[in-house]
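So that the names make sense, note that chain A is the first sequence line, chain B the second, and so on, each numbered from 1.
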Protein chains: 2
Amino acid sequence: MPPRRAYHHGDLRTALIAAADAIVREQGLEGFSLREAARRAGVSPGAPAHHFGSVKGLLTEVALLGYDELARYLAPPLEDTTESAEGTVRRMAHGYVRFALDHPGHFRLMFRSDAVDRDDPRYGDVSARALNGLAAAACAFDKASGQTEGRIFGTWAAIHGMAHLILEGKAQYLFGTASADAVVDLALAALLARLPSPPD
Amino acid sequence: MPPRRAYHHGDLRTALIAAADAIVREQGLEGFSLREAARRAGVSPGAPAHHFGSVKGLLTEVALLGYDELARYLAPPLEDTTESAEGTVRRMAHGYVRFALDHPGHFRLMFRSDAVDRDDPRYGDVSARALNGLAAAACAFDKASGQTEGRIFGTWAAIHGMAHLILEGKAQYLFGTASADAVVDLALAALLARLPSPPD
DNA sequence: GATGATATCTGAACACCGTTCAGATAGGCG
DNA sequence: CGCCTATCTGAACGGTGTTCAGATATCATC
């Protein structure tokens with residue numbers, strides 16, 4: 001990463017987002033600093049301010065990329081039309097948890113409302129898009145129970161709770177060193193066993 | 001909080017924990033700093049190091065206090081023996097979420113494995129104790145489904161997920177400005193509706 | 001009670017952080 | 001060409017956690 005020759009970067013905004021994304025991916029959120037991102041982009045510490053206002057602005061962009069990536073993890077189960085609705089929910093749970101473990105820095109950032117510009121309108125859009133699939137699966141699976149928002153949120157909460165607790169090391173109190181997939185399967189078995197009869 | 005007269009504090013360790021706990025309670029985790037805690041205790045910035053090693057050590061103590069408080073929020077539903085098992089789980093979910101909203105700084109800290117000394121043995125003890133009640137309720141309620149650890153973790157994950165998502169403002173995408181209690185009720189309705197028949 | 005060992009705390013230093021801002025530089029456009 | 005505006009520099013400021021030699025107090029032992 002040799003120092004730029006030109007005084008003007010050309011596309012500093014994009015470069016800073018890429019640098020920040022890489023830091024969060026490599027070192028997690030604690031390893032991130034605005035100055036380090038500037039350093040990687042070969043630019044002075046004051047440069048990011050013009051493009052992002054503050055560190056929150058830059059981290060918001062990284063969080064948005066995280067939602068895109070999450071959507072990619074959740075897509076395959078939906079595209080497989082041969083799967084039952086219950087199977088789809090199952091596979092999305094595994095995908096959600098795998099995303100959290102594959103991209104812990106992004107996952108944590110996405111749910112750190114203090115580190116991010118919560119009021120960015122794109123933020124709501126992207127999270128809605130990422131969860132559209134989950135919403136569809138939850139509704140298809142869970143036709144009989146409660147009203148729509150309750151179904152979606154209940155499913156989301158159960159899956160998100162697994163991911164968060166596993167990521168932060170809380171599952172080991174119950175399961176020792178069992179794999180995340182095994183933990184998810186056991187929890188799903190308990191949560192889905194309540195179902196009266198598998199739909200379609 | 002006038003400056004101490006004595007060179008030695010007397011019980012600095014306790015004073016620092018109390019100060020840190022107060023900061024987290026008043027200003028949240030982002031408002032916390034080791035130096036501010038030292039300032040409140042009327043002591044130099046280097047003093048905490050001797051008692052806690054690093055900032056993680058002090059924050060671990062605050063997190064432990066958080067678990068105690070959580071246990072207090074979860075206790076009443078268990079003590080009410082007239083309640084059905086489902087009702088107990090319901091009330092514990094509301095208690096868990098209320099704790100998160102009443103003590104956001106503590107809640108976030110308790111699940112920030114980067115900010116805390118994860119390997120502190122007391123950490124596992126206290127979290128186990130706080131969740132014992134939840135475990136008992138989950139098992140009593142959910143006799144038929146899955147094996148024990150799966151039942152406990154599934155219930156915990158669902159409840160924790162609600163609390164986390166609500167606290168970080170993610171429920172508003174689905175429910176607007178609805179109260180947390182209403183959101184929890186709707187999600188519980190969907191999750192519990194799957195039950196074949198109410199036990200006992 | 002005096003003496004020595006040990007625990008405790010100070011205060012200055014260090015490296016780093018995010019943010020600000022006057023000024024240097026470049027590109028776009030008349 | 002010359003100007004205007006966006007962009008970026010680099011130094012400064014106040015803040016952070018951590019380290020450490022040295023000052024101070026407590027405690028055990030004589």
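- Between A:Asp125 and A:Arg129 there is no salt bridge, since none of the side-chain N atoms of the basic residue sits less than 4.0 Å from a carboxylate O of the acidic one.
- The aromatic rings of A:His103 and A:Tyr73 sit perpendicular, their planes meeting at an angle over 60°, well past the 30° parallel limit.
- Annotation: proximity of residues 49-58 of chain B to DNA chain D (heavy atom, distance under 4.0 Å) is found for B:Ala49, B:Ser54, B:Val55, numbered in ascending order.
- Within the nucleic acid shown, A:Pro48 has no heavy atom closer than 4.0 Å to any nucleic acid atom.
- As rounded to whole Å, 12 Å separates atom P of D:dG17 from atom CG of B:Leu16.
- Checked by atom type, the side-chain pair B:Glu83/B:Thr88 shows no donor-acceptor distance below 3.5 Å.
- The aromatic rings of A:His164 and B:His164 sit parallel, their planes meeting at an angle under 30°, below the 60° perpendicular limit.
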Output side-chain donor-acceptor pairs under 3.5 Å for residues 56-68 of chain A, partner residues at least two apart or in another chain, one line each.
| from | atom 1 | to | atom 2 | distance (Å) |
| --- | --- | --- | --- | --- |
| A:Lys56 | NZ | A:Asp114 | O | 3.4 |
| A:Thr60 | OG1 | A:Lys56 | O | 2.6 |
| A:Thr60 | OG1 | A:Asp117 | N | 2.8 |
| A:Glu61 | OE1 | A:Arg122 | NH1 | 3.4 |
| A:Glu61 | OE2 | A:Arg13 | NH2 | 3.3 |
| A:Glu61 | OE2 | A:Arg122 | NH1 | 3.4 |
| A:Glu61 | OE2 | A:Arg122 | NH2 | 2.6 |
| A:Tyr67 | OH | B:Lys170 | NZ | 3.0 |

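- B:Asp181 and B:Ser179 share no donor-acceptor pair across their side chains, judged by distance under 3.5 Å alone.
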Could I get a table of every N or O pair under 3.5 Å where one atom is in the protein and the other is in nucleotides 14-17 of chain C?
| from | atom 1 | to | atom 2 | distance (Å) |
| --- | --- | --- | --- | --- |
| C:dC17 | OP1 | A:Ser33 | OG | 2.9 |
| C:dC17 | OP2 | A:Arg39 | NH2 | 2.6 |

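- B:Gln27 places its CD atom 15 Å from the C1' atom of D:dT16, with the value rounded to the nearest Å.
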A:Phe153/B:Leu186 under side-chain contact (heavy atoms from CB on, under 4.5 Å): CA gap, chis, key distance, verdict: CA-CA 8 Å; A:Phe153 187 72; B:Leu186 286 170; over 6 Å; no
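- A perpendicular orientation is assigned to the rings of B:His160 and B:Trp156, their planes being inclined by more than 60° (bins at 30° and 60°).
- Note: CD (A:Glu30) to C1' (D:dG17) measures 14 Å, nearest angstrom.
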